[in-house]
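For this chain, numbers begin at 1 and follow the sequence in order. Just the heavy atoms: all of them, side chains too, but no hydrogens, waters or symmetry mates, feed the values below.
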Amino acid sequence: MGNATAALLELEAITVAGRQSPRLADVSLRIQAGERVALVGPSGAGKSTLLGVANGLIQPSRGAVRWQGERPAGGGRRRRRQQARIGTLWQDLRLIEELSVQQNLNAGRLAHWGWPRALLNLLLPLETQACQLLLQRLDLDPGLLNQPVSALSGGQRQRVALARLLRQEPLLLLADEPLASLDPRLAASLLELLLSQGQAPRALLLSLHRPDLLAGFDRVVGLRAGRLEFDLPLGAADDRILAEALAGLYGRTAQEAPNQR
């Protein structure tokens with residue numbers, strides 16, 4: 001049994017092998033309930049790899065992963081229970097184009113339901129009221145439930161993907177550069193929604209390509225060439241120290257570092 005007071009996620013000395021150099025090298029990270037953590041670094045720094053380790057899709061070459069104090073289970077009901085605790089918002093969204101919005105939303109319940117009910121989701125509209133309430137919460141028309149995802153706009157797709165994540169009801173929310181292809185208005189709206197979900201008992205780990213969007217996070221973690229460069233609190237952080245850390249991460253002078261406030 002996991003310790004109720006344990007960190008939601010613990011990565012201990014994680015290494016992931018690569019072709020010429022490690023994708024991650026001796027990375028340790030702890031995320032507690034109520035923390036909103038930004039993950040920053042240049043392209044190829046290992047941010048997506050770290051998120052893949054965190055959600056269990058990538059197995060490290062060395063090191064330990066714990067979810068609420070538990071090692072990843074090998075399979076069965078305990079494995080599904082662990083998977084349900086962690087949800088991911090992918091940069092490419094990973095919606096199923098030919099299925100309806102409602103079917104995509106209910107895909108967030110697969111780890112809770114198991115395969116028999118998951119298959120039934122392909123045949124019948126399940127838990128319609130819960131899906132309608134989620135769309136309303138994200139300022140989407142509940143009438144979209146029967147629409148195929150292929151008929152949605154880019155902004156609608158982003159919100160449906162977030163609604164699917166919320167439908168899962170995870171404790172740890174992971175997001176892999178979800179703002180990268182959005183216009184500034186939509187990016188700000190989606191970021192606000194994600195930050196609002198990172199409050200206890202949940203937590204948020206979000207990969208950012210723009211350090212100027214750090215306002216609202218509690219911590220910022222910097223990766224470079226697969227290594228952890230810094231892990232700084234934001235609320236009480238000295239602006240100069242943070243600017244210098246970001247400048248070093250991106251290979252710039254402190255004056256050239258992105259405006260993080």
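- The environment of CZ in R157 is crowded: more than 12 heavy-atom neighbours from other residues, nucleotides or ligands sit within 6.0 Å.
- Taking the side chain as every heavy atom from C-beta outward, W113 and L119 never approach each other to under 4.5 Å.
- Looking at every heavy atom in both residues, T88 comes nearest to L165 through N-CD1, 3.5 Å.
- With rounding to the nearest 0.5 angstrom, the OG atom of S48 is 10.5 Å from the CG atom of L223.
- We find the CG-CG distance between L126 and L120 to be 5.0 Å, quoted to the nearest 0.5 Å.
- In plain terms, the two heavy atoms of L249 and G41 that are nearest each other are CD2-CA, 3.7 Å.
- A distance of 10.0 Å separates CG of L39 from CZ of F217, quoted to the nearest 0.5 Å.
- Under 4.0 Å is where a charged nitrogen must lie from a carboxylate oxygen, and between D176 and K47 no such pair does.
- I96 is not listed as a side-chain neighbour of V149, based on a closest heavy-atom distance of 4.5 Å or more.
- Of the inter-residue distances, the one linking D218 atom CG with R36 atom CZ reads 4.5 Å to the nearest 0.5 angstrom.
- Considering every non-hydrogen atom in both A54 and L9, the closest pair reads CB-CD2, 3.8 Å.
- Residues L51 and S207 are in side-chain contact: their nearest non-hydrogen atoms beyond the backbone lie under 4.5 Å apart.
- Annotation: R62, atom CZ; neighbour count of heavy atoms from other residues, nucleotides and ligands within 6.0 Å does not exceed 12.
- No side-chain heavy atom of L162 sits less than 4.5 Å from a side-chain heavy atom of Q158.
- Note that CG of L11 is 7.5 Å distant from CD1 of I31, once rounded to the nearest 0.5 Å.
- When all heavy atoms of A187 and L179 are compared, the closest pair comes out as O-CD2, 3.6 Å.
- Taking a cutoff of 4.0 Å between a charged side-chain nitrogen and a carboxylate oxygen, E169 and R202 do not qualify as a salt bridge.
- For the side chain to side chain donor-acceptor pair (under 3.5 Å) with E10, the qualifying choice from Q32, R30, R66 is R30, the only one to do so.
- Salt bridge status for R167 with E127: present, with a side-chain N to carboxylate O gap under 4.0 Å.
- W90 and L57 get closest at one heavy-atom pair: CH2-CD1, 3.4 Å.
- Among all heavy-atom pairs drawn from T15 and P22, the shortest one is CG2-CB, 4.5 Å.
- Atom CG of residue L208 and atom CG of residue L213 lie 6.0 Å apart, to the nearest 0.5 angstrom.
- The shortest side-chain heavy-atom distance between L171 and Q68 falls under the 4.5 Å cut-off.
- Residues Q168 and R164 are not in side-chain contact: their nearest non-hydrogen atoms beyond the backbone lie 4.5 Å or more apart.
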